[in-house]
Number of protein chains: 2
Amino acid sequence: MPRAGVTAERLTLAAAELADEVGFANVTVSALARRFGVKDASLYSHVRNAHDLKVRVAVLALAELADRVGDAIAGRAGRDALVAFANAYRGYATDHPGRYAAAQVELDLDTLLAGAARRHADMTRAILRGYHLPEPAQTDAVRMLHSTFHGYVTLEHTGAFQHTARPAEESWRHTLNALDAALRHWPTDR
Amino acid sequence: MPRAGVTAERLTLAAAELADEVGFANVTVSALARRFGVKDASLYSHVRNAHDLKVRVAVLALAELADRVGDAIAGRAGRDALVAFANAYRGYATDHPGRYAAAQVELDLDTLLAGAARRHADMTRAILRGYHLPEPAQTDAVRMLHSTFHGYVTLEHTGAFQHTARPAEESWRHTLNALDAALRHWPTDR
DNA sequence: ACCATTTGCCTAACTGCTCTAGGATAGTAC
DNA sequence: GTACTATCCTAGAGCAGTTAGGCAAATGGT
């Protein structure tokens with residue numbers, strides 16, 4: 001009987017696809033084994049346990065997201081960069097809801113985290129360069145942007161915006177305008 | 001043998017407490033039964049299944065959150081109302097992380113949802129009264145505020161802000177200032 | 001006070017997912 | 001070809017969810 005050719009990488013990728021299809025919460029070792037035509041126990045030679053598998057998907061997702069955002073903001077600045085970043089971010093969450101959900105798991109392993117999460121923070125800071133914010137306002141602005149983007153796509157996907165006629169697309173556009181304005185006139189303090 | 005006195009209400013409350021202690025994801029029918037000194041199967045006379053239980057906790061949390069926010073903004077307007085709303089929201093999430101997580105489950109039952117979720121939207125609109133935004137800008141602003149609050153507390157609790165020295169508290173204050181400014185100078189369009 | 005009904009909780013049993021231990025076999029290296 | 005290692009297996013444990021069916025405590029009518 002020929003081998004199925006399971007590797008940690010192929011498992012992670014398949015788990016990511018599975019997540020996008022059935023939701024990250026439903027990504028299970030059993031389901032993954034089924035997809036490979038293999039018994040559950042066989043997967044434990046490649047991943048330590050279910051949590052390990054989920055972390056791998058999270059790291060994959062963070063890297064993909066960073067790639068997409070990085071491409072989008074290349075060569076742009078100021079408002080253009082902000083919009084490009086935001087749309088790339090939201091686009092990834094829409095195209096890959098399962099992967100995006102995976103990216104939100106708590107990553108204790110700062111070593112791995114430092115890799116992908118740092119890239120995100122750095123890119124957000126790159127956007128802000130056009131707005132000339134000094135520290136620590138820059139850090140505050142990074143957090144606000146991240147919060148707004150993450151909050152928006154999360155609420156959008158849980159259906160929180162479906163009870164009003166206004167298209168989510170329109171509100172998104174205007175939210176970005178408001179963010180741009182907020183960054184241009186960042187309040188010194190009070 | 002005397003009865004344990006289990007009711008749907010007491011189950012829901014106990015599940016909410018359990019959620020705050022061990023996390024919403026770890027709220028399980030078994031754990032709840034254990035806490036009541038009762039067998040798993042006994043709970044199925046009171047709640048339909050595990051999902052039903054979680055929805056009940058979600059509804060409870062939404063109502064509690066709405067109460068707290070409602071109290072906070074009573075008698076306030078403009079910036080004061082915005083800050084009061086935001087702090088009440090964030091405070092609830094901090095005091096009851098499990099309940100707050102529960103409130104984010106997808107509520108398909110629009111009937112039940114309409115009850116609590118409507119209150120939130122209405123209250124957010126109440127804040128905006130001081131900023132004199134016409135529709136549909138008002139809807140956009142509601143969504144932006146909700147997104148920012150939700151995104152911020154979510155990221156804060158998943159530890160996304162712990163890799164920088166800046167206290168989360170400070171960034172929160174300045175984010176609210178920026179939101180206030182954004183609402184006062186809401187971009188008409190472009 | 002008695003019996004019927006409802007209700008609360010039980011045992012028993014099945015399913016699906018996680019994970020460990022130990023064994024068979026295919027591919028690789030010499 | 002023999003030795004080794006990696007891949008996959010079977011077997012089986014434990015735990016969470018769930019259904020079915022039964023007994024006993026509470027309730028309420030007469």
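Nothing here was measured: the structure is a model prediction, and the numbers come from that model. We name chains A, B, ... by the order of the sequence lines, and we start the count at 1 in each one. Below, each value reflects all heavy atoms present in this structure, side chains not excepted, and no hydrogens, waters or symmetry copies.
In summary, the side chains of A:S171 and B:R143 do present a donor paired with an acceptor at a separation below 3.5 Å, with no hydrogens or angles considered. Residues A:S147 and B:T148 bring no donor and acceptor atom of their side chains to less than 3.5 Å of each other.
Atom CG of B:N49 and atom P of C:dC14 are 22 Å apart (whole Å). Separating the CZ atom of B:F36 from the C1' atom of C:dC10 is a distance of 17 Å, rounded to the nearest angstrom. Here C:dC17 presents its P atom at 19 Å from CG of A:D52, a figure rounded to the nearest Å. Between the CG atom of B:L32 and the C1' atom of D:dT18 there is a distance of 15 Å, rounded to whole Å.
When the ring-ring contact (aromatic ring centres under 6.0 Å, His included) test is applied to A:F24, no partner is found at least two apart in sequence or on another chain. Not counting sequence neighbours, B:D40 has no partner by the salt bridge (charged side-chain N to carboxylate O under 4.0 Å, His left out) test.
A heavy-atom distance below 4.5 Å is not found between the side chains of B:D180 and B:V83.
Aromatic rings of A:H96 and A:Y92 (six-membered ring for Trp) have centroids within the 6.0 Å cut-off, being under it.
Residue A:T28 places none of its side-chain N or O atoms closer than 4.0 Å to OP1 or OP2 of C:dG16.
For DNA chain C, the neighbouring residues in residues 39-48 of chain A, judged by any heavy atom under 4.0 Å, are A:D40, A:A41, A:Y44.
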